[in-house]
Amino acid sequence: MLFNEIIGQEKVKEKLISTVKDGRISHAQIFLGNEGSGNLAIALAYAQYVSCSNRKEKDSCGQCPSCKKYQKLIHPDLHFVFPVVRNKNFKKPVSNDFLKEWREITIENPLKN
Ligand SMILES: [Zn+2]
């Protein structure tokens, strides 16, 4: 996900980009917002930007090996934890049990979450 694919949230994007430029990236951050706020998209764009090997002034390159992995949501530094429910197939479910479906849904429409 690129920052330029996200409409609005300019101040948030600038703030996040400045943390990278200043070398002051927090070890943990929460991106909290209502459905449709684009918080997941911004978190994904930020993670991609942080790891991009050829980042630009205001966005990641979208072309380097790291960016390609982030775009497929398969970068080894990218981890997801989301709510899951128990069902007949999963007595003790964890997020990774549903990671394939999560990736498909998130790649299809990252701005919806
Ligand atoms: Zn890149």
Side-chain angles (χ1 to χ4, degrees):
M1 185 103 234
L2 297 170
F3 280 125
N4 72 18
E5 296 175 290
I6 303 164
I7 298 169
Q9 305 280 9
E10 298 306 321
K11 288 201 183 286
V12 174
K13 293 180 209 174
E14 287 173 20
K15 178 67 178 168
L16 291 171
I17 289 168
S18 75
T19 66
V20 177
K21 289 179 179 172
D22 297 343
R24 301 184 55 88
I25 302 170
S26 179
H27 75 282
Q29 299 184 50
I30 295 176
F31 293 78
L32 184 63
N34 294 327
E35 185 176 341
S37 65
N39 56 337
L40 176 59
I42 290 175
L44 292 172
Y46 181 54
Q48 183 172 317
Y49 186 75
V50 168
S51 297
C52 178
S53 61
N54 191 27
R55 72 176 75 96
K56 310 298 180 195
E57 181 73 16
K58 295 187 174 184
D59 219 331
S60 53
C61 75
Q63 303 295 318
C64 71
S66 176
C67 283
K68 296 285 189 190
K69 289 177 184 169
Y70 268 99
Q71 289 161 358
K72 295 177 186 173
L73 304 179
I74 59 170
H75 194 284
D77 292 338
L78 183 63
H79 303 278
F80 295 102
V81 177
F82 46 84
V84 295
V85 294
R86 187 175 7 169
N87 64 28
K88 65 181 178 183
N89 296 326
F90 298 100
K91 299 294 181 212
K92 292 186 176 179
V94 294
S95 299
N96 275 354
D97 294 333
F98 304 94
L99 195 53
K100 180 179 179 285
E101 293 84 359
W102 169 263
R103 284 178 175 143
E104 290 170 1
I105 292 167
T106 304
I107 288 171
E108 189 174 300
N109 195 349
L111 298 174
K112 192 161 188 166
N113 295 309

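Side chains included, hydrogens not; waters and symmetry mates left out as well; all remaining heavy atoms used. Just so you know, ligand 1 is whichever comes first in the structure, and atom 1 is the first atom listed for that ligand.
- Residues L73 and L99 are not in side-chain contact: their nearest non-hydrogen atoms beyond the backbone lie 4.5 Å or more apart.
- Salt-bridge annotation for K21 and E14: absent, with no side-chain N of the basic residue lying under 4.0 Å from a carboxylate O of the acidic one.
- Listed by chain and number, C52 SG, C61 SG, C64 SG, C67 SG are the protein N/O/S atoms closer than 2.8 Å to the Zn ion (ligand 1), with waters left out.
- Side-chain contact check for D77 versus V50: every heavy-atom pair is 4.5 Å or farther apart.
- Y70 meets the ring pair (Phe, Tyr, Trp, His ring centres under 6.0 Å) test with H75; sequence neighbours excluded.
- Between Y46 and F31, the angle of the ring planes lies from 30° to 60°, which puts this pair in the tilted group.
- By the 6.0 Å contact criterion, CD on E108 is open, its count of non-hydrogen atoms from other residues, nucleotides or ligands being 12 or less.
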